[in-house]
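Worksheet: one structure, shown below.
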Amino acid sequence: MDRALTAPAHAQAPAPLPAGAVAPRSAAAHGAPRPRILPREVWLDATARRVQPPPRYDDKVVAVFVHHTDSPNGYACADAPQIIRHLYAGQTGARQWDDIGYNFLVDRCGTLYEGRAGGVDRAVTGAHTQGFNHRTAGIAAIGTFTAGTPVPQAMTDAIAALAAWKLGLAGVDPRASVPLVSSNRLSRYRPGTTALLPAVAGHTDGFPTNCPGAALTVRLPAIRDAAARIQGRT
């Protein structure tokens, strides 16, 4: 818990605001509690771990991209670590990535997992959305959510809680749109183009794909609203 700070005796009081002016809100004014996130060690052991370079970082996270893993839905939640380990093996093996691309993953029971290495509290540069990996975080829903597929409420609640926390660290309203600069010609936007995208976006918003599936895509407005409520916004 944060301790209250006492200003030193010599500190000057802030200048009064002009008549009619509104004091700006700090990022902390709409912060959100950090949800429970299980660490990488839960799904990645020494026998599966590959040598990788140090993590890369951005200055902050201003948007999150929601994905699905395009894997079977009928798993037991106790098997989620094994599923994540399989995803990691595929991305670092056949695809030759340096780590799993998603910053976070969530199972059908709403359990959140740390994905890419570097620290869940930090703005780790992921590998989840072509052209828009900078200043964003990738959240992958474990399963396949094509049209008509039920999306567990526990899963969307967890995504909302995570988005509220990560975006709250930068003072971003989950219902807002934010400017992001494309860095890759494979995205929906030419390199160097500034695109105005939802702060809680689907993978398809930045890259031509069906991910995160039609069923999860239609839940994004509700996820944005829930995340804003968690941040205390009206």
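Here the structure is a predicted model, which is why all the values come from computation and not from measurement.
At distances below 3.5 Å, not a single donor-acceptor pair connects side-chain atoms of Arg85 with backbone N or O atoms of Ala48. Panel note: side chain Lys166, backbone Arg122; a donor-acceptor pair is recorded below 3.5 Å. In terms of modelled atom types and a separation under 3.5 Å, the side chain of Tyr113 and the main chain of Val42 share no donor-acceptor contact. A donor-acceptor pair is defined here as one N or O able to donate and one able to accept, closer than 3.5 Å; such a pair exists between the side chain of Asp99 and the backbone of Ala117. Judged purely by atom type and a 3.5 angstrom limit, Asp58 uses its side chain to pair as donor or acceptor with the backbone of Arg135.
Taking the side chain to side chain donor-acceptor pair (under 3.5 Å) definition, one finds that Asn73 meets it with nothing, sequence neighbours left out. Residues that satisfy the salt bridge (Lys or Arg N to Asp or Glu O under 4.0 Å) test with Arg175, not counting sequence neighbours, are Asp173. Under the rule for a side chain to side chain donor-acceptor pair (under 3.5 Å), Arg108 has no partner lying at least two apart in sequence or in another chain. The side chain to side chain donor-acceptor pair (under 3.5 Å) check on His203 picks up His67, with sequence neighbours excluded. Arg34 pairs by the side chain to side chain donor-acceptor pair (under 3.5 Å) definition with Asp121, not counting sequence neighbours.
Placement of Leu112 and Leu38 within a single hydrophobic cluster is found when ILVMFWY residues are connected by side-chain heavy-atom separations under 4.5 Å, directly or transitively. Put simply, Leu87 and Val124 are part of two different groups of oily side chains (I, L, V, M, F, W, Y) that touch within less than 4.5 Å, one to the next. Hydrophobic clustering (side-chain heavy atoms under 4.5 Å, transitive across Ile, Leu, Val, Met, Phe, Trp, Tyr) groups Met155 together with Trp43. Leu180 is not connected to Phe207 by any chain of hydrophobic side-chain contacts under 4.5 Å among Ile, Leu, Val, Met, Phe, Trp and Tyr, and they are in different clusters. At a threshold of 4.5 Å between side-chain heavy atoms, the hydrophobic network of Ile, Leu, Val, Met, Phe, Trp and Tyr places Leu169 and Ile230 in two separate groups.
Minimum heavy-atom separation, Leu197 to Tyr189: CD2-OH, 3.8 Å. Scanning all heavy atoms of the two residues, the minimum distance from Ala227 to Ala163 falls at CB-CB, 4.4 Å. Nearest heavy atom pair, residue Phe132 against residue Ala195, reads CZ-CB, 4.2 Å. Taking both residues in full, the closest heavy atoms of Asp59 and Ala123 are given as C-CB, 4.2 Å, listed atom of the first, atom of the second, then distance. Nearest approach of Trp165 to Pro35, heavy atoms of both residues: CB-CD, 3.8 Å. Among all heavy-atom pairs drawn from Pro81 and Cys77, the shortest one is CD-O, 4.1 Å.
Side-chain contact between Pro208 and Arg188 is present, with at least one heavy-atom pair separated by less than 4.5 Å. Side-chain contact between Pro191 and Ser183: absent, with no pair of heavy atoms (C-beta onward) separated by less than 4.5 Å. The shortest side-chain heavy-atom distance between Phe104 and Leu162 falls under the 4.5 Å cut-off. Side-chain contact check for Val66 versus Leu216: some heavy-atom pair is nearer than 4.5 Å. At a threshold of 4.5 Å between non-hydrogen side-chain atoms, the residues Ile142 and Ile84 count as touching. Contact annotation: the side chain of Val106 approaches that of Ile159 to within less than 4.5 Å [non-hydrogen atoms, C-beta and beyond]. Contact of the Phe145 side chain with the Pro212 side chain is not registered, since no non-hydrogen atoms from C-beta on lie closer than 4.5 Å.
Evaluation of the side-chain hydrogen bond (donor to acceptor under 3.5 Å, both in side chains) test over residues 205-221, restricted to residues two or more places apart or in two chains, returns Gln153-Arg219, Thr156-Arg219.
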### Message
Checking Arg116 against Asp98 for the salt bridge (charged side-chain N to carboxylate O under 4.0 Å, His left out) test, could you report, in this order, the C-alpha distance in whole Å, the side-chain angles of both residues, the deciding distance, and whether it holds?
### Response
CA-CA 10 Å; Arg116 197 168 182 85; Asp98 60 358; 2.7 Å; yes

### Message
Checking Thr144 against Thr149 for the side chain to side chain contact (heavy atoms under 4.5 Å, CB included) test, could you report, in this order, the C-alpha distance in whole Å, the side-chain angles of both residues, the deciding distance, and whether it holds?
### Response
CA-CA 8 Å; Thr144 301; Thr149 303; over 6 Å; no

### Task
Might you work through the side chain to side chain contact (heavy atoms under 4.5 Å, CB included) test for Phe65 and Asn103, ending with a clear yes or no?
CA-CA 10 Å; Phe65 281 96; Asn103 298 95; over 6 Å; no

### Task
Report the C-alpha distance between Ile139 and Tyr102 in whole Å, list the side-chain angles of each, state the deciding distance to 0.1 Å, and finish with yes or no for side chain to side chain contact (heavy atoms under 4.5 Å, CB included).
CA-CA 6 Å; Ile139 306 171; Tyr102 310 118; over 6 Å; no

### Pair Ser182-Ser187, side chain to side chain donor-acceptor pair (under 3.5 Å): steps then yes or no
CA-CA 7 Å; Ser182 174; Ser187 81; 2.8 Å; yes

### Message
Please determine whether side chain to side chain contact (heavy atoms under 4.5 Å, CB included) holds for the pair Val61 and Thr136, giving the CA-CA distance in whole Å, both sets of side-chain angles, and the decisive distance to 0.1 Å.
### Response
CA-CA 5 Å; Val61 169; Thr136 69; 5.5 Å; no

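The line from CG of Leu105 to OH of Tyr88 is 13.5 Å long, rounded to the nearest 0.5 Å. To the nearest 0.5 Å, the span separating CD on Gln91 from NE2 on His86 amounts to 10.0 Å. Interatomic distance, Thr92 OG1 to Gln96 CD, rounded to the nearest 0.5 Å: 10.0 Å. Here the straight-line distance linking atom CG of Asp79 with atom CD of Gln82 works out to 5.5 Å at 0.5 Å rounding. Distance check, rounded to the nearest 0.5 Å: NE2 of His134 to OG1 of Thr129 gives 12.0 Å.
Inspection of the Arg36 and Thr111 side chains reveals no N or O donor paired with an N or O acceptor under 3.5 Å. No side-chain donor from either of Thr125 and Asn133 sits under 3.5 Å from a side-chain acceptor of the other. A side-chain donor from one of Arg233 and Gln231 sits under 3.5 Å from a side-chain acceptor of the other.
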